[in-house]
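In what follows, chains carry the letters A, B, and so on, assigned in the order in which the sequence lines appear, proteins first and then strands, with residues in each chain numbered from 1.
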Amino acid sequence: MNPRSNSTQWRDRLPIQELLALSDVLPESFYCRPTVAVARDLLGKILVHGRAAGRIVEVEAYLGADDLAAHASRGLTPRTKVIFGPPGRAYVFFIYGMYECLNLIAEPEGVPGCVLIRALEPLCGIQAMRRRRPAARRIEQLASGPGRLTQALAITRRHNGIPVTSGDLTVRRLPPEPRLEILATPRIGIRQSTDRPLRFLIAGNPFVSRPPAAPPTGSK
DNA sequence: CAATAGATCATCT
DNA sequence: GATGATCTATTGC
């Protein structure tokens with residue numbers, strides 16, 4: 001066994017059955033709100049697919065017509081149809097010929113808005129995630145990136161349009177929920193609307209895909 | 001550690 | 001035909 005990977009580090013935080021018993025699925029009403037509010041409130045929630053689960057530690061909000069970085073800004077097309085649909089659904093798109101990205105739909109039906117899930121802190125099913133992502137050398141890299149987390153949790157375009165309010169793919173609230181310090185930064189990997197602070201992450205969390213642009217430097 | 005090139009395809013022009 | 005809400009391996013300091 002790789003000396004870097006001691007079994008403590010790669011072990012599940014808790015059994016999946018226990019997680020499911022102690023948590024509640026977020027209802028559709030949670031998502032039927034302004035996109036930025038949904039994005040911020042998703043931090044700290046648990047994304048579950050089958051027997052694998054992780055805590056959401058980083059997200060990005062994508063808005064409507066005035067947000068040129070958002071797919072929905074080009075209007076209603078076959079691809080963006082889901083974004084204009086009812087809240088609490090998954091929007092999964094394929095990018096760079098290789099990766100899938102998971103979004104959750106916000107806002108009432110007819111109003112575009114979605115939240116890109118950018119990074120997870122693995123909690124359950126860590127061995128399975130590791131099999132799906134052999135390139136990850138450290139547990140911090142298992143699901144720290146939009147393309148990485150869909151691989152780790154085996155989320156694909158087959159999930160496009162399905163509800164996350166019941167079934168195999170859900171988002172859950174697991175008490176107790178400590179108060180979080182949330183940072184807002186510009187979004188990553190976009191070429192338009194690059195200065196809007198629509199990326200949200202849990203301050204100091206080591207599982208985010210990229211640390212904040214200006215890390216606090218200087219002691220004392 | 002930072003910078004960069006390559007992989008690879010659905011979507012829209 | 002170009003582009004893109006990315007990731008990995010590799011090269012160079």
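- A heavy-atom distance below 4.5 Å is not found between the side chains of A/V164 and A/L47.
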Just the atom pairs and distances: protein N or O near nucleotides 9-13 of chain B's N or O, under 3.5 Å.
residue	atom	partner	partner atom	Å
B/dC12	OP1	A/T77	OG1	2.5

As a check on the pairing definition, encode DNA chain B in dot-bracket form, counting Watson-Crick and G-U wobble pairs whose two distances are under 3.5 Å, and using | for partners outside this strand.
|||||||.||||.

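- Legend: residues meeting salt bridge (charged side-chain N to carboxylate O under 4.0 Å, His left out) with A/R148, ordered by chain and number and at least two apart, are absent.
- In 5' to 3' order, the nucleotides of DNA chain C bounding all contacts with chain A (an atom under 4.0 Å from a heavy atom) are C/dG4 to C/dT8.
- A donor-acceptor pair is defined here as one N or O able to donate and one able to accept, closer than 3.5 Å; such a pair exists between the side chain of A/Q141 and the backbone of A/R138.
- With hydrogens and angles ignored, the 3.5 Å screen pairs no side-chain donor or acceptor of A/R89 with any backbone N or O of A/P163.
- Between A/E60 and A/R187 there is no salt bridge, since none of the side-chain N atoms of the basic residue sits less than 4.0 Å from a carboxylate O of the acidic one.
- Using a 4.0 Å cut-off on heavy atoms, the residues of residues 116-128 of chain A that approach DNA chain C are A/L116, A/R118, listed by number.
- At distances below 3.5 Å, at least one donor-acceptor pair connects side-chain atoms of A/N160 with backbone N or O atoms of A/V92.
- Remark: A/R33 does not engage A/E107 in a salt bridge, criterion side-chain N to carboxylate O under 4.0 Å.
- Considering all non-hydrogen atoms of both residues, A/P87 and A/E109 come closest at CD-N, 4.0 Å.
- Within residues 62-71 of chain A, the residues that place at least one heavy atom under 4.0 Å from DNA chain C are, in residue-number order, A/Y62, A/A69, A/H71.
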